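Step one of this worksheet: look at the structure below.
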Amino acid sequence: MKKIILLLLIASSALANTDDPALQAVKFNKWYVSQISENKFPITDSREIDQYVTASTMQKLRRTQEADYDDEPFYDADLFLKAQDIGDDWPDHVASVSVDTDPVCVNVYIAFGKDKKHTVIDCMVKEDGIWKVQSVAARDFN
């Protein structure tokens, strides 16, 4: 009986985390930064990213990997991090610093690094009952 109760608590905890857009955005960004720091390319290396990013966004991103995409312009920075490189302390320091809701999505402001100097805005939407990243905007301006 104790095992069943423990299993239910763990399952409900996992579901609760996917029902909070800020927690889900932090979870995604921690996972994503760890992948990049291990020299993995999450868009093509596995389908694990699909649990964090909407299907329509992933379809567009996977299109960039096709051979005939060379004719189209490409971005200089990582789409999810809005940076060309990650900071040494980013894998250990990812935090939600603010949340703003509009009719399109829940905008979660994600800060990277101990000093929180680099920030992006994840537009989170529900897909199949789970909060996922639809798009990312840069918050830092040079």
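All figures in this text were calculated on a predicted structure; none of them were measured in a lab.
- Classified by interplanar angle (parallel below 30°, tilted 30° to 60°, perpendicular above 60°), the ring pair Tyr52/Phe28 is tilted.
- Here the straight-line distance linking atom CD of Gln51 with atom CE of Met58 works out to 11.5 Å at 0.5 Å rounding.
- With rounding to the nearest 0.5 Å, the separation of OH in Tyr109 from OG1 in Thr119 is 10.0 Å.
- In Lys82, the NZ atom is crowded: over 12 heavy atoms of neighbouring residues, nucleotides or ligands sit closer than 6.0 Å.
- Within a 6.0 Å sphere centred on CG of Asp88, heavy atoms belonging to other residues, nucleotides or ligands number 12 at most.
- Using modelled atom types, one finds a donor on one side chain and an acceptor on the other under 3.5 Å when comparing Thr54 with Thr57.
- The number of heavy atoms from other shown groups lying within 6.0 Å of CG (Asp128) does not exceed 12.
- Asp102 and Asn107 form a side-chain donor-acceptor contact under 3.5 Å, judged by distance and modelled atom types alone.
- The two residues Trp131 and Asp20 come nearest to each other via the heavy atoms CD1-N, 3.8 Å.
- With a 4.5 Å cut-off on side-chain heavy atoms, Lys126 and Val106 do not count as touching.
- Both Val133 and Phe41 sit in one connected hydrophobic cluster of ILVMFWY residues. Membership requires side-chain heavy atoms under 4.5 Å apart, directly or through other members.
- Ile110 has its side chain out of reach of Val97: every pair of non-hydrogen atoms, C-beta onward, lies at least 4.5 Å apart.
- Using a 4.0 Å cut-off between charged nitrogen and carboxylate oxygen, Asp122 and Lys132 do not count as a salt-bridge pair.
- Taking 4.5 Å as the limit, every side-chain heavy atom of Phe112 sits out of range of all side-chain heavy atoms of Lys117.
- Scanning all heavy atoms of the two residues, the minimum distance from Val26 to Ala95 falls at CG2-C, 4.0 Å.
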Exercise. Check step by step if side-chain contact (heavy atoms from CB on, under 4.5 Å) holds for Val33 and Phe80.
Key: CA-CA 9 Å; Val33 168; Phe80 295 106; over 6 Å; no
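- Closest of all the heavy-atom pairs between Cys105 and Val125 is CB-CG1, 3.7 Å.
- The minimum heavy-atom distance linking Lys116 with Ala111 is given by the pair CB-CB, 3.7 Å.
- Listed for the His118 side chain is no donor-acceptor partner under 3.5 Å among the backbone atoms of Ile86.
- The two residues Ser46 and Arg62 have their closest heavy-atom pair at O-NH2, 3.9 Å.
- Within 6.0 Å of the CD atom in Gln59, the count of heavy atoms belonging to other residues, nucleotides or ligands does not exceed 12.
- Rounding to the nearest 0.5 Å places CG of Asp78 at 10.0 Å from CG of Asp85.
- At least one donor-acceptor pair closer than 3.5 Å links the side chain of Asp89 to the backbone N or O of Lys114.
- Of all heavy-atom pairs spanning Val99 and Ala22, the tightest one is CG2-CB, 3.9 Å.
- Contact annotation: the side chain of Arg139 never approaches that of Val120 to less than 4.5 Å [non-hydrogen atoms, C-beta and beyond].
- Side-chain contact between Gln24 and Asp19 is absent, with no heavy-atom pair separated by less than 4.5 Å.
- For the atom pair OG (Ser37) and CH2 (Trp90), the distance works out to 11.5 Å, reported to the nearest 0.5 Å.
- Taking the side chain as every heavy atom from C-beta outward, Pro42 and Tyr32 approach each other to under 4.5 Å.
- Atom OG1 in Thr101 sits 11.5 Å away from atom CE in Met124 (nearest 0.5 Å).
- Rounding to the nearest 0.5 Å places NZ of Lys27 at 15.5 Å from OG of Ser96.
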